[in-house]
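Heads up, the thing below is written out as structure tokens.
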Amino acid sequence: MPELPEVETIVRTLAPHVVGRRIVQARVVSPLVAAEQPQALAALLAGRLIRALRRRGKFIVFDLDDGVLCVHLRMTGKLLLDAAPGKFTRAVLELDSATLLFDDVRQFGRMSWSKALPPNVSRLGPEPFDLTPRAFAERLHARRGRLKPLLLNQAFIAGLGNIYVDEALFRAGVHPLAQASRLSRARAGRLHASIVEVLVEAIAAGGSSISDYVDAQGRAGGFQRFHRVYGREGEPCQQCASKVRRIVVAQRGTHLCPRCQRA
DNA sequence: ATCTATTCCTGGCTGC
DNA sequence: TGCAGCCAGGAATAGA
């Protein structure tokens, strides 16, 4: 599941090979991947120069000489450099220097061209690294909901998904169902620090590979080895040896230590 | 604003 | 071995 660290890793591994390059030809293999423009996308991309590549939240943004190409990988999407096309290849971008594949088993991922950044990208909340602890605390205190759904809300903070929310909450010692507005300033600060810390560590490890994720060169990440609660139901907590529990919050599997994380 | 439920999608898993 | 049924979940959407 590509979240911020995985998308960041993809962008970093991809950028040196695509920035300054031209899209010679584009091919949409599976219309679902192109969402609103299954017919038009290929023509819109053909001939475009890739001026820059960046990440915004979980989106990969190609800045073109005309417009932008926004890619969201959702659950199982991959951008692969010079890989062999397979049964899950949904789109192909032939660059003047390389071939870029959009592979996606489950076809949740999307790519779309637009003249300017589309609303679902421009309306994203702040990047975690851009928020000061103080600003983060103020944003939390302005909300009524519980912590986990709020942290998953991309308009509140961009880039976090199920894995890193669970990991950050554990590190901060905060329960996923805690009321956002009632978090003390100290605990809010600790949560912000935990979010930044876990993201930085995950990026350094090349992201987490649970089942599908690989970077643009096809390499798996290593951070899954350092998950403390995610996917560790029934294992002893690394801090207190209580059993890690799995509950459901906002229809999401949620992993926590009931002893270390108090509401 | 906040909540829940539903939809999309399919490989992989469980259980018989 | 085969097969049905369920699960994973990010984001959009509908409805309360």
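Here the structure is a predicted model, which is why all the values come from computation and not from measurement.
At a threshold of 4.0 angstrom between heavy atoms, the contacts of R123(A) with the nucleic acid are absent. If you check every strand for non-hydrogen atoms under 4.0 Å, N120(A) touches sugar and phosphate atoms only. Residue contacts for M1(A): at a heavy-atom cut-off of 4.0 Å it reaches the sugar-phosphate backbone alone, with no base atom in range.
If you measure from atom NE2 of H255(A) to atom P of dA8(C), you get 9 Å, rounded to the nearest angstrom.
When side chains are defined from C-beta on, Q261(A) does not count as touching V174(A), because their heavy atoms never get closer than 4.5 Å. Between R55(A) and L4(A) the shortest side-chain heavy-atom distance falls below 4.5 Å.
If you check residues 107-115 of chain A against DNA chain B, the residues with a heavy atom closer than 4.0 Å are Q107(A), F108(A), listed by number. Taken residue by residue, residues 135-163 of chain A places heavy atoms nearer than 4.0 Å to DNA chain C at Q154(A), N162(A). Near-neighbour residues of DNA chain B inside residues 199-231 of chain A, defined by a heavy atom below 4.0 Å, are absent.
Shown here are the side chain to side chain contact (heavy atoms under 4.5 Å, CB included) partners of A155(A), two or more places apart in sequence or in another chain: N153(A). Remark: D63(A) pairs with A52(A), R54(A), V61(A), V68(A) by the side chain to side chain contact (heavy atoms under 4.5 Å, CB included) rule, at least two apart or across chains. With sequence neighbours excluded, no residue forms a salt bridge (Lys or Arg N to Asp or Glu O under 4.0 Å) with E233(A). Not counting sequence neighbours, the partners of K58(A) by the side chain to side chain contact (heavy atoms under 4.5 Å, CB included) test are V7(A), H72(A), Q154(A).
Hydrophobic clustering, defined by side-chain heavy atoms of Ile, Leu, Val, Met, Phe, Trp and Tyr closer than 4.5 Å, groups V229(A) together with F170(A), V244(A). Other residues sharing a hydrophobic cluster with F88(A) under the 4.5 Å side-chain heavy-atom criterion for ILVMFWY residues are V105(A).
A cation-pi contact, defined as under 6.0 Å to the ring centre and within 45° of the axis, is absent between R143(A) and F156(A).
First and last contacting nucleotides of DNA chain B toward chain A (any atom under 4.0 angstrom from a heavy atom, 5' to 3' order): dT2(B) to dG11(B).
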For a quick test of your reading: what N or O donor-acceptor pairs under 3.5 Å do the side chains of residues 32-51 of chain A make, sequence neighbours left out?
unit_1	atom_1	unit_2	atom_2	d
Q37(A)	OE1	W113(A)	N	2.5
Q37(A)	NE2	W113(A)	O	3.4
R48(A)	NE	D65(A)	OD1	2.7

Taking distance alone, no hydrogens or angles, what donor-acceptor pairs closer than 3.5 Å link side-chain atoms of residues 177-190 of chain A to residues at least two apart or in another chain?
unit_1	atom_1	unit_2	atom_2	d
S184(A)	OG	R187(A)	N	3.0
R187(A)	NH2	G173(A)	O	3.1
R190(A)	NH1	A172(A)	O	2.8

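Partner of F59(A) under the side-chain contact (heavy atoms from CB on, under 4.5 Å) criterion, chosen from L124(A), V71(A), V11(A): L124(A).
A salt bridge is defined here as a Lys NZ or Arg NE, NH1 or NH2 lying under 4.0 Å from an Asp or Glu carboxylate O, and E201(A) with R171(A) meets this definition.
Here H72(A) does not reach the OP1 or OP2 of dG10(C): none of its side-chain N or O atoms lies under 4.0 Å away.
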